[in-house]
Amino acid sequence: MTDARIYLSPPDVSDLERKLLLAAFDSNWVAPVGPDLDAFEAQTAELVGVRHAVALSSGTAALHLALIAAGVRRGDTVLVPSFTFAATANAVVYLGARPVFVDSTPDSWNVDPVLVAEELRTRAERGQLPRAVVAVDMYGQCADYDPLLEACDRYGVPLIEDAAEALGATYRGRSAGSFGLAGVLSFNGNKIITTGGGGMLVTDDSRVAKQARHLATQAREPVPHYEHRHIGYNYRLSNLLAAVGRGQLLRLEQMIAARRETFEFYRSALGDLPGLTFMPVAGYGVPNYWLTCVLVDEHRDRVLAELAARDIEGRPAWKPMHLQPVFQDCVMRGGEVSAGLFRRGVCLPSGSALTAHDRQRVVEAVRSAQEG
């Protein structure tokens, strides 16, 4: 029998999600309102440790609304990690602002707090402070928030936490998503939990939550007729998808444990290979192990090609934003670290439903490429 294709991070759904979805369907609550939506928001807020959660159609929508809440508007600048997915920077551009990219630290692959502080100081001296700073929790590991918040607070610049990849991770005992003005979660199909597509804005600030909820429902005013005083968006999540999310939340710890087991297996089975190192686990927190990533000193593309030849999905690490053609005119502070991570980085299959046989196939492919 031919082995099935191994995907990088596919959805992991069970009979529990199916039952909750069908129950929501049978109740006729199929619109972007309903008891499952309310419960999903409340349960996520409790998990993250914040007072408010607003379920949305995507993590990008949550980023967009968080930036609006921070006061970002046309002509502003926003500090953004270069080493991230494009949505982090795209949401800045939606508002007519310009991202200013900042390099990563090799200790965690997250944005470098020292460079953020230096950029804030330089811009403060010129009277050109950014309107906001966005930190991203890369591959399920939190950024270093103590120095980031200290720098942002010193200059009065709000911080937004892009925790799209990090639900269930912690930083010094606090949950990912709970830092700064607002946190952003993603429930895309490849994330640690999924609603098929969706996201959430989480915050302790009632003003931010109220504004996000208003703008996400086309900014309709609370009057009998349709009246609009602001430009709004169709960003709300449906009750049906929220029902799936509720089931996924109940299984979150189980899925984190499975991904951690995969990480430990790969590290044990591949850790002796010369020229191959694993993404560091920072001592300040506990990741959710969304993706296991390695650096290959030589022959990264040979590793990716060997995986593909065996019908295994592997991917390069994120291509930094400052190297993307669409952002070629943006300011960049540093750049060597993130460029090196892209040049050498490989993301290995890490789904929570991987079998022992699947993991062994991945290990054999990587070893063959490295030892060949």
Salt bridge [X]-[Y], side-chain N to carboxylate O under 4.0 Å:
X      : Y      : result
Glu41  : Arg213 : yes
Arg361 : Glu364 : no
Arg229 : Glu227 : yes
Arg344 : Asp297 : yes
Glu313 : Arg315 : yes
Arg246 : Glu17  : no
Arg251 : Asp12  : yes
Arg302 : Glu306 : no

message = Would Arg174 and Phe179 count as a cation-pi pair here, with the cationic atom under 6.0 angstrom from the ring centre and within 45° of the axis?
response =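 The answer is yes, since Arg174 meets both limits relative to Phe179.
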query = Quick one: is the NZ or CZ of Arg259 closer than 6.0 Å to the six-membered ring centre of Phe263, and within 45° of its axis?
reply =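 No - Arg259 does not lie over the ring of Phe263 by the 6.0 Å and 45° rule.
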ask   = Are Tyr233 and His64 close enough that their ring centres sit under 6.0 Å apart?
value =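 They qualify: ring centres under 6.0 Å apart.
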query = For the rings on Trp318 and Phe342, is their centre-to-centre separation under 6.0 Å?
reply =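 Between Trp318 and Phe342, the centre distance exceeds or equals 6.0 Å.
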So which atom in [X] and which in [Y] form the shortest heavy-atom distance, rounded to 0.1 Å?
X      : Y      : result
Gly140 : Ala169 : O-CB, 3.4 Å
Asp144 : Tyr171 : OD1-OH, 2.6 Å
Ser338 : Gly335 : OG-O, 3.3 Å
Phe101 : Pro81  : CD2-O, 3.9 Å
Pro130 : Leu120 : CG-CD2, 3.5 Å
Val102 : Met332 : C-CE, 3.8 Å

Give a yes or no on this: more than 12 heavy atoms of other residues, nucleotides or ligands lie within 6.0 Å of atom [atom1] of [X].
X      : atom1 : value
Arg18  : CZ    : no
Phe265 : CZ    : yes
Arg126 : CZ    : yes
Phe25  : CZ    : no

Can a side-chain donor-acceptor contact be found between [Y] and [X] if the only test is distance below 3.5 angstrom?
X      : Y      : result
Thr88  : Asp162 : yes
Arg131 : Thr77  : no
His322 : Ser82  : yes

message = Apply salt bridge (Lys or Arg N to Asp or Glu O under 4.0 Å) to residues Arg333 and Asp103 and explain how you reach the verdict.
response = CA-CA 6 Å; Arg333 178 172 278 269; Asp103 206 358; over 6 Å; no
task = Fit a plane to each ring of Trp290 and Tyr139, take the angle between them on a 0 to 90° scale, and name the class: parallel (under 30°), tilted (30 to 60°) or perpendicular (over 60°).
result =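 If you compare the ring of Trp290 with that of Tyr139, the planes turn out parallel.
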message = Once you measure the plane-to-plane angle for Phe187 and Phe40, does it fall in the parallel (<30°), tilted (30-60°) or perpendicular (>60°) bin?
response =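 The rings of Phe187 and Phe40 sit tilted, inter-plane angle from 30° to 60°.
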Is any side-chain heavy atom of [Y] closer than 4.5 Å to one of [X]?
X      : Y      : value
Thr44  : Leu47  : no
Arg220 : Tyr226 : yes
Val100 : Arg123 : yes

query = Would Arg359 and Thr262 count as a side chain to side chain donor-acceptor pair (under 3.5 Å) if you check the C-alpha gap in whole Å, the side-chain angles of each, and the deciding distance to 0.1 Å?
reply = CA-CA 7 Å; Arg359 293 175 185 143; Thr262 292; 2.9 Å; yes
